[in-house]
Amino acid sequence: RVEVLVSPLAVPEHPEHHYQYDPSKAEAYVGTTLAWIGDPAAERIARHVLERIESGAGGPPRPRRAVVARLDLALALAGTGRLDESAGITLEAITSGWMVPSHYWRAEEVITAIGARDPARKIGLREAFADARLALAPPEKPDAPRLPEG
């Protein structure tokens, strides 16, 4: 339905702008939604989105979008029981160096889905994710006031 509704729209000159319709982002949202509801079609769409992002067919490199596409693909694969591939793709995403805090809950979602079927694999992914988050954290300023914990 979305494709039909937006088909008369021209592709904007700057689709990365938040207030412009971005057809490639819409396709990625379809992949995300299908992965969340467990639809097997999510795998095909997530692979297509990732391929398009990595090939540069949709414009300049978008490594953060590639992280999300990998997490969508990993979630879809976990849902179909393909845990080896899912874990490998999750590891690629979390160690890419392109994760940002807004991706963290998505990574947790995939790690939880994998862990529901294979708790041991969850531990290894959670450790890699914790290491990646530490590597991406900005350094603390020694003179910055610290907030009380708790």
Verify the neighbour count for atom OH of Tyr29: are there more than 12 heavy atoms of other residues, nucleotides or ligands below 6.0 Å?
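Atom OH in Tyr29 is not crowded, with 12 or fewer foreign heavy atoms closer than 6.0 Å.
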So how far is it from [X] [atom1] to [Y] [atom2], rounded to the nearest 0.5 Å?
| X | Y | atom1 | atom2 | result |
| --- | --- | --- | --- | --- |
| Ile114 | Thr90 | CD1 | OG1 | 4.0 Å |
| Met99 | Ile94 | CE | CD1 | 7.0 Å |
| Leu73 | Ile45 | CG | CD1 | 12.0 Å |
| His103 | Phe129 | NE2 | CZ | 10.5 Å |
| Glu92 | Leu71 | CD | CG | 10.5 Å |

Connected via hydrophobic side-chain network under 4.5 Å: [X] and [Y]:
| X | Y | value |
| --- | --- | --- |
| Leu125 | Trp98 | yes |
| Val30 | Ile53 | yes |
| Leu83 | Ile89 | no |

Enumerate the residue pairs fulfilling ring pair (Phe, Tyr, Trp, His ring centres under 6.0 Å) with a member in residues 61-88, sequence neighbours excluded, ordered by first and then second residue.
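Ring pair (Phe, Tyr, Trp, His ring centres under 6.0 Å) check on residues 61-88 returns no pairs.
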Quick test of your reading: applying salt bridge (charged side-chain N to carboxylate O under 4.0 Å, His left out), list the pairs with at least one residue in residues 29-43, sequence neighbours left out, ordered by first then second residue.
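As it turns out, the salt bridge (charged side-chain N to carboxylate O under 4.0 Å, His left out) pairs with a partner in residues 29-43, which skip direct neighbours, are Glu43-Arg47, Glu43-Arg82.
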Side chain to side chain contact (heavy atoms under 4.5 Å, CB included) with [X]: which residues, sequence neighbours excluded?
| X | answer |
| --- | --- |
| Glu109 | Trp36, Leu75, Trp105, Arg106 |
| Ala42 | Leu34, Ala35, Ala76 |
| Leu5 | none |

Any non-hydrogen side-chain atom of Asp72 less than 4.5 Å from a side-chain atom of Val49?
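Result no, sub-4.5 Å side-chain heavy-atom pair not found.
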Short question: side chain of Arg44, backbone of Gly31 - any donor-acceptor pair under 3.5 Å?
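Absent.
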Contact list for residues 119-129, test side-chain hydrogen bond (donor to acceptor under 3.5 Å, both in side chains), sequence neighbours left out
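Those involving residues 119-129 are Asp84-Arg121, Glu108-Arg126, Asp118-Arg121.
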